[in-house]
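All values below were derived from every heavy atom in this structure, side-chain atoms included, with hydrogens, water molecules and symmetry-related copies excluded. Residue numbers start from 1 in every chain, and the chains themselves are labelled A, B, ... in the order their sequence lines are given, proteins ahead of strands.
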Amino acid sequence: MRVVMPGFNLSLTARSGQCFRFVQLQDGAYHLVAHGHQLYLHDLGGGSFDLSCDQQTFDRLWHDYFDLGRNYDALEALGTGEDPYLASALRYARGMRILRQEPFETLMAFIISQRKSIPAITRCVSQLALRFGEQIAPGVHAFPTPGALARASDEDLAACGLGYRVPFISQSARLVHEGRIDLGALADLPDAQLAASLMTLPGVGVKVASCVMLFAYQRMDAFPVDVWIDRVLRQHYPTGFPFERYKGVAGILQQYLFCYARHQAGRAAGG
DNA sequence: GTCCAGGGTAAGC
DNA sequence: GCTTACCATGGA
């Protein structure tokens, strides 16, 4: 079906490091697996996209997944003048959106993310889906359920390239599967309690919890600080990031800063 | 060979 | 509260 998503930047969103289930195809289109569904997306330009779903599935699932109910245009007014670096980041990554991902998959993906590059994380998540996820189409697998990962052997998990994170994944999956942590119920908690609850899981610290809050629970004040953002803060915000000024959208801005910083580094490296 | 990657944990202070 | 060593793996 043909859909108009004004200003939506598919390419940047797909490569932004918040979701590891986008695959770019030969013709430039993207294939995505989320919420037990697959979706092909073709950017036709001018805000038009060709999607491999019907209207009902789009309205019920993908509309919210791509956070289309939120007005990102208001971000453009921020940063101008007082915050030129943020203005540059917003200009570069205009149209990128914060995806509304599944809590369990996001939790597992960002436990894996520690000390790994985005391509390496993508490989691990893909392997987990291939080995333990339900096949939803020929050669296409959903992300595994908590039970499937809880039952997986350490050897099979290690074969996915998880390294020393195997017990983190195994134990956290078990705690979710056994109901010791109810990821659905966590959505009702305020930010501080949500963060504290997530951090009771093995392999989850402040940064991973922040990513899960931002990318799965729509907590737009969650502000993950990884090595890239740490550099940005030290180089461009030596007196501290103005969280109060950006209250309610700081996490979104963080994602723009993250992508912009990586883009700049890529250019400097000649990529 | 070295260094780095969307860090967390445990030990030590 | 704060630093520090260590943790597997793959790519540059």
Side-chain angles (χ1 to χ4, degrees), chain A residues 12-22 89 92-93 96-99 101-128 130-131 143 152-176 181 195-217 219-237 241 250-271:
Chain A
L12 267 175
T13 302
R15 298 181 290 105
S16 64
Q18 54 176 313
C19 174
F20 308 97
R21 292 288 269 162
F22 281 92
Y92 164 71
M96 180 177 63
R97 308 191 76 87
I98 303 296
L99 300 173
Q101 300 186 68
E102 297 158 278
F104 181 66
E105 174 175 343
T106 310
L107 174 66
M108 294 293 112
F110 281 95
I111 288 176
I112 293 168
S113 77
Q114 61 176 264
R115 304 289 288 179
K116 273 187 177 298
S117 66
I118 290 173
I121 302 163
T122 303
R123 231 180 343 266
C124 290
V125 171
S126 173
Q127 279 296 308
L128 285 178
L130 180 64
R131 290 167 182 267
F143 191 81
S153 71
D154 287 355
E155 291 74 15
D156 288 343
L157 290 176
C160 297
L162 303 188
Y164 65 87
R165 306 160 192 80
V166 164
F168 291 163
I169 290 296
S170 183
Q171 292 171 26
S172 288
R174 271 172 204 155
L175 289 168
V176 174
I181 287 275
S197 296
L198 290 171
M199 285 190 286
T200 64
L201 294 166
V204 180
V206 173
K207 191 272 178 181
V208 170
S210 301
C211 286
V212 177
M213 291 172 67
L214 180 60
F215 301 139
Y217 288 98
R219 304 305 172 97
M220 299 307 179
D221 280 313
F223 195 90
V225 179
D226 71 322
V227 294
W228 292 95
I229 292 296
D230 185 57
R231 271 179 226 136
V232 167
L233 295 182
R234 282 190 282 104
Q235 292 176 13
H236 299 281
Y237 300 92
F241 190 77
I252 304 175
L253 303 181
Q254 174 276 155
Q255 190 61 14
Y256 279 77
L257 293 170
F258 175 77
C259 290
Y260 183 57
R262 297 182 74 244
H263 168 71
Q264 293 289 89
R267 285 166 55 89

Determine, step by step, whether F223(A) and F258(A) satisfy the ring-ring contact (aromatic ring centres under 6.0 Å, His included) criterion, reporting the C-alpha distance in whole Å, the side-chain angles of both residues, the deciding distance to 0.1 Å, and the verdict.
-> CA-CA 11 Å; F223(A) 195 90; F258(A) 175 77; over 10 Å; no
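- Among D230(A), V225(A), I229(A), D226(A), the single residue meeting the side-chain contact (heavy atoms from CB on, under 4.5 Å) criterion with K207(A) is D226(A).
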When you check every protein heavy atom under 4.0 Å of nucleotides 6-13 of chain B, what one-letter string (B, S, -) results, 5' to 3'?
-> BBSS----
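- Looking at heavy atoms from C-beta onward, I181(A) lies out of side-chain contact with S172(A) at the 4.5 angstrom threshold.
- Across the C1' atoms, dG10(C) and dG1(B) are found 15 Å apart, a figure rounded to whole Å.
- Among the atoms of the strands shown, only primed sugar atoms or phosphate atoms (P, OP1, OP2) are found under 4.0 Å from some heavy atom of R123(A).
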Evaluate the side chain to side chain contact (heavy atoms under 4.5 Å, CB included) criterion for residues Y217(A) and T106(A): first the C-alpha distance (whole Å), next the side-chain angles of each, then the deciding distance (0.1 Å), finally the verdict.
-> CA-CA 10 Å; Y217(A) 288 98; T106(A) 310; over 6 Å; no
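- Rounded to whole Å, the distance from CG on L157(A) to P on dT9(C) is 13 Å.
- The same atom, C1', is picked in dC7(C) and in dC4(B); the two are 15 Å apart, to the nearest Å.
- Taking atom CD of Q127(A) as the reference point, atom P of dG10(C) lies 11 Å away to the nearest angstrom.
- For the P atom pair drawn from dA11(B) and dA8(C), the interatomic distance equals 16 Å after rounding to whole Å.
- Here the P atom of nucleotide dG10(C) and the CD1 atom of I112(A) are 14 Å apart, to the nearest Å.
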Start with the C-alpha gap between M96(A) and T13(A), add the side-chain angles, then the distance that decides, and say whether side chain to side chain contact (heavy atoms under 4.5 Å, CB included) holds.
-> CA-CA 5 Å; M96(A) 180 177 63; T13(A) 302; 3.8 Å; yes
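- Of the P atoms belonging to dG6(B) and dC2(C), the separation is 26 Å, rounded to the nearest Å.
- Remark: the backbone N or O of I118(A) is paired with a side-chain donor or acceptor of T122(A) at under 3.5 angstrom.
- A sub-4.0 Å separation between OP1 or OP2 of dA5(B) and a side-chain N or O of R231(A) is present.
- Nucleotides dC6(C) and dT2(B) have their P atoms positioned 15 Å apart, rounded to a whole Å.
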